[in-house]
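In what follows, a single structure is set out as structure tokens and then discussed.
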Amino acid sequence: MFVCRTAKYGKEIPKIFVARNIETVKHSIKTYEKIKQTRLEAQMGGGKIKIENQHKKGKLTARERIHLLCDDNSFIEYDMFVEHTCIDFGMKERKFPGDSVVTGHGLVNGRPVFIFSQDATVFGGSLSSAHARKICKIMDQAISVGAPVVGLNDSGGARIQEGVDSLAGYADIFQKNVLASGVIPQISLIMGPCAGGAVYSPAITDFTFMVENTSCLFITGPDVIKTATNEDVTSQDLGGSKVHTELSGVAHRSFENDIEAILQLREFMGYLPQSNKGPVPIRVCEDPCISRDKDVLSLESTVPPVATAPYDMLDVILAIVDDRDFFEIMPKHAKNIIVGFARMNRRTVGIIGNQPDVAAGCLDISSSVKAARFIRFCDAFNISIITLVDVPGFLPGVQQEHNGCIRHGAKLLFAYAEATVPKLTVITRKAYGGAYITSSSKHLRGDVNYAWPSAEVAVMGAKSAAAVLYKGRPNLEELEKEYIEKFASPFPAAQKGFVDDIIEPKTTRRRLCRDLDLLATKQLTNPPKKHGNIPL
């Protein structure tokens with residue numbers, strides 16, 4: 001430009017051009033300084049005092065949480081300059097760059113993850129329409145590239161000043177959650193209050209974790225409950241981590257503090273694939289003593305010789321998985337069944353096992369729902385399922401029947417029957433009645449079904465069966481022994497092909513690892529349909 005102007009005007013450049021150029025440079029410097037200043041303001045959230053208050057509560061800030069979750073220097077932030085659009089109630093003068101949520105993507109264990117972290121130092125982390133748009137944007141991108149979404153929740157709920165706009169924002173997020181379900185893993189970590197409509201997004205996601213003593217989930221808070229029902233209750237007693245990990249089953253695990261929660265989340269994400277189209281992650285087994293071809297001798301004495309004696313199914317699980325690593329899901333809820341992730345021969349697997357140590361391993365309403373949801377996640381993301389069976393049946397009782405154990409038990413049956421991923425089953429001891437059928441039996445398209453020599457596959461236990469078959473007979477004890485000889489073994493099921501083989505317990509890991517290799521190329525599809533009608 002200056003060359004042309006010099007040629008036209010000679011050696012002298014008109015002052016007007018010099019002035020314009022100076023003004024342009026000044027404007028550029030001013031804009032750059034404004035960008036720099038705005039970034040600094042965004043990084044401070046609600047300000048130094050609010051950050052100090054957050055720390056006094058034993059909580060990290062939104063940005064501190066993200067930096068702890070992500071690999072070093074990997075987080076890329078989106079929409080740092082977005083501000084809310086509310087002008088009522090004095091909100092026009094109260095604006096913070098980025099509003100009340102930090103969004104973007106980073107790497108966790110070297111793999112891409114999209115993250116939103118609600119900032120409680122800005123309007124209590126309340127959700128505005130701008131806040132919702134930021135979350136929806138990263139969810140859209142996560143779906144398009146096939147990467148998990150992690151939500152770090154710490155919010156007082158809808159921003160009242162925005163009225164229905166805030167509610168619309170929640171609805172937009174819920175819709176994205178539903179569309180992403182079964183496409184990418186969605187994980188919610190509750191690190192503060194989460195109340196009202198805000199609770200439904202974590203409820204839709206695949207896994208919900210909580211921080212003890214500082215997080216809570218409830219639809220109506222203590223004050224509303226006091227007004228409506230005159231009940232006095234604290235936030236923690238109403239919707240704290242203890243309530244939701246032990247009683248309601250809303251949350252899958254809880255952790256002592258923010259740091260432990262995030263570090264455990266990093267560990268957990270190492271088990272998950274990136275999307276429903278991606279392979280399960282592979283990690284080399286580091287324990288030289290655990291080879292895929294090596295027998296596990298401890299399994300020979302795990303099941304007690306007395307049929308009614310309890311034992312811990314976790315001992316079996318830890319003995320057969322790589323490095324004895326098992327990330328249990330919902331360990332405090334419905335303890336009569338165990339579910340969680342492990343690795344077998346380097347690949348992620350989902351493990352389900354009845355727990356004879358609790359209620360003899362009976363299935364009931366809570367355990368059926370717990371296992372069914374876990375199975376459906378594994379099936380959605382192509383994770384092979386291993387089922388360890390020791391189940392005497394469904395828990396009898398008036399309360400169970402009245403609360404719908406038929407419908408809830410059918411959820412477990414439906415989940416197993418619908419699943420098309422590799423399904424491997426080992427019957428360690430009891431497999432009675434409808435609970436046997438429900439537990440990934442050969443009849444529900446089980447790929448490989450094994451039984452230990454201690455296994456019993458029958459309609460019911462010998463004592464109950466003899467009481468029905470030989471009612472009123474004087475020699476009931478002898479007839480019971482006769483029934484035991486005939487049915488209390490794995491032979492009847494094996495003779496009919498319902499069990500593929502009766503294996504020595506010590507060979508279980510070796511056999512399962514080989515079967516998983518074989519089934520890695522399994523192809524199975526269900527009949528075309530919009531969706532099934534699981535008995536919800």
Using 30° and 60° as the class limits, which term best fits the ring planes of Phe207 and His252: parallel, tilted or perpendicular?
perpendicular

Would Thr438 and Phe414 count as a side-chain contact (heavy atoms from CB on, under 4.5 Å) here? Give the steps.
CA-CA 8 Å; Thr438 302; Phe414 191 106; over 6 Å; no

Whether Asn382 side chain and Asn276 backbone form a donor-acceptor pair below 3.5 Å:
yes

Check the pair Tyr432 / Phe394 against ring-ring contact (aromatic ring centres under 6.0 Å, His included), numbers first and verdict last.
CA-CA 9 Å; Tyr432 291 164; Phe394 281 89; over 10 Å; no

Ser441 and Tyr416 side chains, donor-acceptor separation under 3.5 Å
no

Return yes if some donor-acceptor pair links the side-chain N/O of Asn153 with the main-chain N/O of Gly151 below 3.5 Å, else return no.
yes

Lys/Arg-Asp/Glu bridge criterion (N-O < 4.0 Å) met for Arg429, Asp390
yes

Pairwise side-chain contact, Val149 with Val113, heavy-atom cut-off 4.5 Å (strictly under):
no

Distance (rounded to the nearest 0.5 Å) between Ile317 CD1 and Phe326 CZ:
4.5 Å

Indicate whether the side chain of Asn177 and that of Tyr200 have a donor and an acceptor atom separated by less than 3.5 Å.
no

When every non-hydrogen atom of Pro356 is compared with those of Pro310, the smallest separation belongs to O-CB, 3.7 Å

Any donor and acceptor pair, going by atom type alone, linking the side chain of His333 with main-chain N or O of Glu246 inside 3.5 Å?
yes

Take the angle between the ring planes of Tyr436 and His443 and call it parallel below 30°, perpendicular above 60°, tilted in between.
perpendicular

Consider only side-chain N and O atoms of Asp312 and Gln355, and report whether a donor and an acceptor are under 3.5 Å apart.
yes

Is the closest side-chain heavy-atom distance between Ser368 and Lys411 below 4.5 Å?
no

Donor-acceptor check, side chain of Lys430 to backbone of Ala458, threshold 3.5 angstrom: yes or no?
no

Should the pair Asp140-Lys176 be classified as a salt bridge under the 4.0 Å nitrogen-to-oxygen rule?
yes

Heavy-atom nearest pair, Arg266 first then Leu69, reads NH1-O, 2.6 Å

Check: Val339 and Glu328 side chains under 4.5 Å, non-hydrogen atoms
no

Salt bridge Asp501-Arg511, side-chain N to carboxylate O under 4.0 Å
yes

Looking at residues at least two apart in the chain, or sitting in another chain, which of them share a side-chain contact (heavy atoms from CB on, under 4.5 Å) with Ile282?
Arg346, Arg347

Rounded to the nearest 0.5 Å, how far apart are NZ of Lys442 and CG of Asn449?
4.5 Å

So which atom in Pro273 and which in Gly278 form the shortest heavy-atom distance, rounded to 0.1 Å?
CB-O, 4.0 Å

Is there a side-chain contact between Lys522 and Asp447, using heavy atoms and a 4.5 Å cut-off?
yes

Stepwise salt bridge (Lys or Arg N to Asp or Glu O under 4.0 Å) check, Arg343 with Asp323:
CA-CA 8 Å; Arg343 295 179 184 87; Asp323 295 320; over 6 Å; no

Does the distance from a Lys or Arg side-chain N to an Asp or Glu carboxylate O, for Arg376 and Glu418, drop under 4.0 Å?
yes

Quick one: does any side-chain atom of Gln264 pair with a main-chain N or O of Glu260 as donor and acceptor, under 3.5 Å?
no

Are any side-chain N or O atoms of Asn257 and backbone N or O atoms of Ile259, one a donor and one an acceptor, separated by less than 3.5 Å?
yes

Apply the test side-chain contact (heavy atoms from CB on, under 4.5 Å) to residues Glu401 and Ile406: give CA-CA distance (whole Å), side-chain angles for both, the deciding distance (0.1 Å), then the verdict.
CA-CA 7 Å; Glu401 296 290 349; Ile406 296 171; 4.1 Å; yes

Side-chain ion pair, Asp154 and Arg65, N-O less than 4.0 Å:
yes

Centre of Phe327's six-membered ring, under 6.0 Å away, within 45 degrees of the axis: is that where NZ or CZ of Arg253 sits?
yes

Using atom types as modelled and distance alone, determine if a side-chain donor or acceptor of Ser366 lies under 3.5 Å from a backbone N or O of Ala334.
no

Is there a side-chain contact (heavy atoms from CB on, under 4.5 Å) between Ile338 and Ile351 once you walk through the steps?
CA-CA 8 Å; Ile338 301 167; Ile351 293 185; over 6 Å; no

Evaluate the side-chain proximity of Thr420 to Thr525: yes if any heavy-atom separation is below 4.5 Å, no if none is.
no

Taking atom types as modelled, is there a side-chain donor on Ser439 or Thr387 under 3.5 Å from an acceptor on the other?
no

Go through it in stages, so that I can follow the logic: the residues are Thr208 and Ile190, the test is side-chain contact (heavy atoms from CB on, under 4.5 Å), and I'd like the CA-CA distance, side-chain angles, deciding distance and then a yes or no.
CA-CA 7 Å; Thr208 301; Ile190 314 302; 3.9 Å; yes

Do Leu272 and Phe341 have side chains that get closer than 4.5 Å, going by heavy atoms?
yes

To the nearest 0.5 Å, what is the distance between OG on Ser248 and CG on Leu217?
8.5 Å

Has Lys277 got more than 12 heavy atoms of other residues, nucleotides or ligands less than 6.0 Å from its NZ?
no

Consider only side-chain N and O atoms of Glu212 and Ser241, and report whether a donor and an acceptor are under 3.5 Å apart.
no

Would you call the rings of Tyr170 and Phe174 parallel, tilted or perpendicular, where under 30° means parallel and over 60° means perpendicular?
parallel

Starting at CZ of Phe209, measure out to OG1 of Thr245 and round the result to the nearest 0.5 Å.
12.0 Å

Report the residue from Asp322, Asp515, Asp517 that forms a side-chain hydrogen bond (donor to acceptor under 3.5 Å, both in side chains) with Asn345.
Asp517

Do Ile385 and Val421 touch side chain to side chain, with heavy atoms closer than 4.5 Å?
yes

For Ser188 and Thr205, does a side-chain donor sit closer than 3.5 Å to a side-chain acceptor?
yes

Would you say the side-chain atoms of Asp71 pair up with the backbone N or O of Asn109, donor to acceptor, closer than 3.5 Å?
yes

Is a side-chain N or O of Ser74 found less than 3.5 angstrom from the main chain of Leu107, in a donor-acceptor match?
yes

From Ile383 CD1 over to Cys378 SG, what is the distance, rounded to the nearest 0.5 angstrom?
5.0 Å

Salt-bridge test for Arg283 and Asp325: reply yes if a basic N is under 4.0 Å from a carboxylate O, no otherwise.
yes

To the nearest 0.5 Å, how far apart are CD in Gln186 and CG in Asp206?
6.0 Å

Look at the side chain of Lys370 and the backbone N and O of Met330, then say whether any donor-acceptor pair between them is shorter than 3.5 Å.
yes

Beyond-backbone contact of Asn354 with Val389, side-chain heavy atoms, under 4.5 angstrom:
yes

